[in-house]
Amino acid sequence: MIKIEHLVKNYGSNCAVDDISFEVKKGEIVGLLGPNGAGKSTTMNILTGYLSATSGSVSVAGFDVLDNPLEAKKHIGYLPEQPPLYLDMTVEEYLIFNYNLKGCKLNRDKHLEEICDVVKIRDVYKRIIKNLSKGYRQRVGIAQALIGSPEVIIFDEPTVGLDPKQIIEVRNLLRNLGKDHTVILSTHILQEVQAVCDRIVIINKGKIVADELTENITRAVENNRRFTVKICGPQKEVLAMLRSKPGIVYAEVMPQRDGEAYCYTVESEVGVDIRKNLFYTLAEKNWPLVGMEALGMSLEDIFIAIVDQSSQKNRYERRTKTRVGARGEAEKDFAKTAMENAGKKQGGEFSALFGDGEEQK
């Protein structure tokens, strides 16, 4: 449905998009992530025909955006970060205006009613837009993107400024849209990507540095190999036991305490559940286990690790030793794997980021 090949965009001597290529299949929801200035908005503006590319090609539904811009745009619905609303219009007037502007051939009244039901704005249909809340304005912006039932829908930060209830409603809407449309979602809210998207593409400094299925990242985030355990007992002896116990590959004492209990970070081997065995060992030694909490990787740290790897900068230095220990190393390993996979998809062009393949120090 969307095909981007060797896309380059230069602003003078600054290269905003540096030879990126990826495809989005029909019915797929793809999250486009990256730090500020990474090239996300430039890519989306080229995709929608707002900007021209320096080189490369972009096609939507088989139409080249540069050679056949009008045909390509007929298949695109776009919601920018700031919805393009005319505040003095009513919702009805605004949607009819967009219907006419797009030259839509569907039955107008029925089509607009269906859209209002989908985005839940029927109760404000006759109201002036400037009197609506932020949440309703955002829904009106989504509604205009859906007019004409475009095959491709592009959202730039669709939940900015919404309250938690509105965010959940928009996420549910995006998931439902993915059943009948191809969706590209740009956002800084990583949990939103995990909840909505089928695939994640991360851009940094104009290059694609990761292209992963969301389920792969979800498995990493929700893994149960890392735990915080609280144990009452002599600290040195407990730590020595944890480090020597089969199945445990990492153990470190944490700075905080819980009464008489010391806190430890523990990581097990892949596929090994250490919980029962650890409980029985502690019971034999009469060291009470007063707490155990599973730790997963955070989406934020995975994202930072990928960006750090691609930039060859180690921002983990400012983090605490505890966080860097079991979790930081795993996040960097995942980031490295994700980038290597992206490099293979891009023809191996990212191998230079890693030198001989060893971890950056």
Inset, instruction - Please examine the side chains of Val266 and Ile274, heavy atoms only from C-beta on, and report whether any two atoms are closer than 4.5 Å. - result: yes
Legend entry - Which atom of Glu157 lies closest to which atom of Gln138, heavy atoms considered: O-NE2, 3.6 Å
Legend entry - CG on Leu213 to SG on Cys197, rounded to 0.5 Å: 12.0 Å
Inset, instruction - List in chain and number order the residues that pass side-chain hydrogen bond (donor to acceptor under 3.5 Å, both in side chains) with Lys230, two or more places apart in sequence or in another chain; answer none if no residue qualifies. - result: Asp258
Can I get a per-line list of side-chain donor-acceptor pairs under 3.5 Å for residues 7-16, giving both atom names and the distance, sequence neighbours left out?
residue : atom : partner : partner atom : Å
Lys9    : NZ   : Ser52   : O            : 2.9

Legend entry - Side-chain (His6) to main-chain (Ser55) donor-acceptor, under 3.5 angstrom: no
Inset, instruction - Not counting sequence neighbours, which residues clear ring-ring contact (aromatic ring centres under 6.0 Å, His included) with Tyr86? List them please. - result: Phe97
Inset, instruction - Compare all side-chain heavy atoms of Lys245 with those of Asn277 and state whether any distance is below 4.5 angstrom. - result: yes
Legend entry - Test item: Arg243 and Tyr250 side chains (from C-beta on) under 4.5 Å apart, heavy atoms: no
Legend entry - Closest non-hydrogen atom pair between Ser268 and Val249, with its separation: O-CG2, 3.8 Å
Inset, instruction - Please answer whether the main-chain N or O of Asp198 pairs with a side-chain N or O of Thr214 as donor and acceptor at a distance below 3.5 Å. - result: yes
Inset, instruction - Mind running side chain to side chain donor-acceptor pair (under 3.5 Å) on Tyr136 and Asp123 for me, showing each step along the way? - result: CA-CA 10 Å; Tyr136 272 113; Asp123 55 338; 3.1 Å; yes
Legend entry - Non-neighbouring partners of Pro35 that pass side chain to side chain contact (heavy atoms under 4.5 Å, CB included), sequence neighbours left out: Ala38, Asn204, Phe303, Val307
Inset, instruction - Indicate, with yes or no, if Met292 and Val272 share a hydrophobic cluster defined by side-chain heavy-atom contacts under 4.5 Å among Ile, Leu, Val, Met, Phe, Trp and Tyr. - result: yes
Inset, instruction - Report the residues that fulfil salt bridge (charged side-chain N to carboxylate O under 4.0 Å, His left out) with Asp117, sequence neighbours left out, ordered by chain and then residue number. - result: Arg122
Inset, instruction - Could you point out which residue of Ile184, Leu32, Val152, Val24 forms a side-chain contact (heavy atoms from CB on, under 4.5 Å) with Leu47? - result: Ile184
Pairs under 3.5 angstrom only: tabulate donor-acceptor contacts from the side chains of residues 64-72 to other protein residues two or more places apart or in another chain.
residue : atom : partner : partner atom : Å
Asp64   : OD1  : Leu66   : N            : 2.8
Asp64   : OD1  : Asp67   : N            : 3.0
Glu71   : OE2  : Lys74   : NZ           : 3.3

Inset, instruction - Count the heavy atoms belonging to other residues, nucleotides or ligands that lie under 6.0 Å from NZ of Lys120, then report whether that count exceeds 12. - result: no
Legend entry - Lys/Arg N to Asp/Glu carboxylate O, Arg199 vs Asp211, below 4.0 Å: yes
Legend entry - Pairing residues for His181 by the ring-ring contact (aromatic ring centres under 6.0 Å, His included) criterion, not counting sequence neighbours: none
Legend entry - Residue pair Ile4 / Thr43, side-chain heavy-atom distance below 4.5 Å: yes
Inset, instruction - State whether a side-chain donor-acceptor pair under 3.5 Å links Asp109 with Tyr99. - result: no
Inset, instruction - Of all the heavy-atom pairs spanning Ile154 and Met44, show the shortest one and how long it is. - result: CG2-CE, 3.1 Å
Legend entry - Approximate separation, where rounding is to 0.5 Å, of Tyr78 OH and Tyr50 OH: 9.0 Å
Inset, instruction - Mind checking the CD-CD1 spacing from Glu151 to Ile2? Nearest 0.5 Å is all I need. - result: 10.5 Å
Legend entry - side chain to side chain contact (heavy atoms under 4.5 Å, CB included) involving Ala195 - partner list, sequence neighbours excluded: Arg171, Arg175
Legend entry - Heavy-atom side-chain contact between Ile153 and Thr182 under 4.5 Å: no
Could you list the donor-acceptor pairs under 3.5 angstrom formed by side chains in residues 124-132, with sequence neighbours left out?
residue : atom : partner : partner atom : Å
Lys126  : NZ   : Glu92   : OE1          : 2.8
Lys126  : NZ   : Glu92   : OE2          : 3.3
Arg127  : NH2  : Asn131  : O            : 3.1

Inset, instruction - Could you tell me whether Lys285 and Glu237 make a salt bridge, using a distance below 4.0 angstrom between a side-chain N and a carboxylate O? - result: no
Inset, instruction - Answer yes if the side chains of Lys73 and Thr48 hold a donor-acceptor pair under 3.5 Å, and no otherwise. - result: no
Legend entry - Minimum-distance pair of heavy atoms, taken over all atoms of Lys207 and Ile20: CA-CG2, 3.9 Å
Inset, instruction - Check side-chain hydrogen bond (donor to acceptor under 3.5 Å, both in side chains) between Ser59 and all other residues, then give those that pass, not counting sequence neighbours. - result: none
Inset, instruction - With sequence neighbours left out, write down each residue that passes side chain to side chain contact (heavy atoms under 4.5 Å, CB included) with Gln235, or none if nothing qualifies. - result: Val253, Tyr262, Tyr264
Legend entry - Minimum heavy-atom distance Ile76-Pro150, with the two atoms named: C-CB, 3.7 Å
Legend entry - Backbone N/O of Met241 and side chain of Ser244: donor-acceptor pair under 3.5 Å: yes
Legend entry - With Lys25 via side chain to side chain contact (heavy atoms under 4.5 Å, CB included) - residues at least two apart: Glu28
Legend entry - Other residues, nucleotides, ligands: >12 heavy atoms within 6.0 Å of Lys3 NZ: no
Legend entry - Over all atoms of both residues, closest heavy-atom pair of Tyr94 and Pro84: OH-O, 2.6 Å
Inset, instruction - Might you confirm whether atom CD of Glu114 has over 12 heavy atoms from other residues, nucleotides or ligands at distances under 6.0 Å? - result: yes
Legend entry - Gln144 side-chain N/O to Gly141 backbone N/O, donor-acceptor pair under 3.5 Å: yes
